Amino acid sequence: MRKIAVFVSGNGSNFEAIAVAAQRGDIPHCEVALCVCDRPGAGALERAERLGIKTLVFKAKDYASKAEYETMIADALEAEGVELVCLAGYMRIVGETLLQRFAGRIINIHPSLLPSFPGAHGIEDAFNHGCKMFGITIHFVDHTLDGGKIIDQMGFHYDGQDLDVLETMIHKTEHQLYPAVITRLLEIL
Ligand code: GRF
């Protein structure tokens, strides 16, 4: 089995989509070995429990520095034999420690067609801008905020006025593309 980890901070719908795809064999020979979460009480943790996936929960403020908690995480990832790290709503900038120890093996999903609308409010920002084309991006993680090399994107036209409808469309697109991209990456890693 190829081992991957999913990093979360909140709801965890992408984590669940990936975990279910792996369990069903839609991502072949793949297991989500660890769900890493920086927020005790995050909804993603209930999903992990239901799906029987091991969690690593930490609070950044319990550590002296980013290097210190990232060393703890990287050690745990190595102990599990994790080959690929998938960020899915993980609300922290990844630091030098993880970037070095998992070089070229950390990816992120972002709910806009990058490089437009990076940051924490990609969907609302694009909606408020009056965009008619929306979409999502999966990219490698580097030092920049949502600026790493793009792996894939999926877009669609939406001309409605309902942000909730748009958000649902975005998340549905995410849940479809993320497992597919992970499948492709595991073939070449
Ligand atoms: C997704 O929209 C993802 O693109 C962004 O954060 C959101 C996470 O949602 N980075 P969920 O926790 O997977 O439901």
Side-chain angles (χ1 to χ4, degrees), residues 4-24 26-27 30 32 34-51 53-58 60 73 84-95 98-99 102 105-129 131 133-156 158 162-183 185:
I4 66 172
V6 182
F7 283 32
V8 297
S9 296
N11 178 30
S13 70
N14 280 283
F15 156 69
E16 177 157 354
I18 294 165
V20 167
Q23 288 178 350
R24 284 190 184 144
D26 293 343
I27 307 173
C30 173
V32 179
L34 204 57
C35 172
V36 176
C37 179
D38 68 332
R39 289 193 193 159
L45 296 172
E46 281 170 34
R47 298 181 193 258
E49 185 167 26
R50 176 161 43 79
L51 293 162
I53 290 169
K54 195 166 164 181
T55 57
L56 173 62
V57 186
F58 72 99
I73 295 171
L84 178 68
V85 170
C86 308
L87 309 186
Y90 178 67
M91 301 304 284
R92 291 186 175 277
I93 302 281
V94 174
L98 274 171
L99 286 175
F102 285 84
R105 289 172 180 272
I106 308 179
I107 62 175
N108 182 44
I109 188 161
H110 183 78
S112 77
L113 293 168
L114 291 171
S116 293
F117 309 110
H121 308 287
I123 305 175
E124 295 93 314
D125 291 348
F127 181 78
N128 291 333
H129 191 84
C131 290
M133 279 302 293
F134 297 88
I136 66 159
T137 303
I138 296 170
H139 62 91
F140 286 106
V141 172
D142 64 12
H143 300 90
T144 62
L145 177 65
D146 301 325
K149 186 175 186 299
I150 291 173
I151 302 166
D152 206 353
Q153 294 182 308
M154 193 176 272
F156 56 85
Y158 178 68
D162 191 331
L163 182 57
D164 289 341
V165 169
L166 174 63
E167 283 181 350
T168 302
M169 291 169 81
I170 291 274
H171 295 310
K172 210 174 146 195
T173 309
E174 292 185 322
H175 301 162
Q176 187 186 339
L177 189 63
Y178 216 170
V181 166
I182 292 167
T183 301
L185 273 180

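Whatever order the structure lists ligands and atoms in, that order sets their numbers, starting from 1. We use all heavy atoms of the structure for the numbers below, so side chains are in, but hydrogens, waters and symmetry mates are not. The chain is numbered in sequence order, starting from 1. Bear in mind that the values here come from a model prediction, so they are computed numbers and not experimental data.
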Problem set entry | ring-ring contact (aromatic ring centres under 6.0 Å, His included) partners for Tyr158, two or more places apart |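 For Tyr158, no residue satisfies ring-ring contact (aromatic ring centres under 6.0 Å, His included) once neighbours in sequence are set aside.
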For this session: Apply side chain to side chain donor-acceptor pair (under 3.5 Å) to Arg39 and list each qualifying residue two or more places apart in sequence or on a separate chain.
Result: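 Checked Arg39 against side chain to side chain donor-acceptor pair (under 3.5 Å); zero matches.
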Problem set entry | Arg24 CZ: over 12 foreign heavy atoms closer than 6.0 Å |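 Counting neighbours around CZ of Arg24, 12 or fewer heavy atoms of other residues, nucleotides or ligands fall under 6.0 Å, so no.
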Exercise. Looking only at atom types and distance, does a side-chain atom of Thr55 sit under 3.5 Å from a main-chain N or O of Leu45, one as donor and one as acceptor?
Worked result: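 Answer holds: no.
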For this session: Look only at the side chain of His110 and the backbone of Phe117, and say whether a donor-acceptor pair between them is shorter than 3.5 Å.
Result: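 Yes; at least one donor-acceptor contact below 3.5 Å.
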Exercise. What residues, two or more places apart in sequence or in another chain, satisfy salt bridge (charged side-chain N to carboxylate O under 4.0 Å, His left out) together with Arg105?
Worked result: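 If we apply the salt bridge (charged side-chain N to carboxylate O under 4.0 Å, His left out) test to Arg105, skipping adjacent residues, there are no hits.
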For this session: Mind jotting down which protein residues get a heavy-atom contact under 4.0 Å with ligand 1? Chain and number order, please.
Result: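 Asn11, Gly12, Ser13, Asn14, Gly89, Ile109, His110, Pro111, His171, Glu174.
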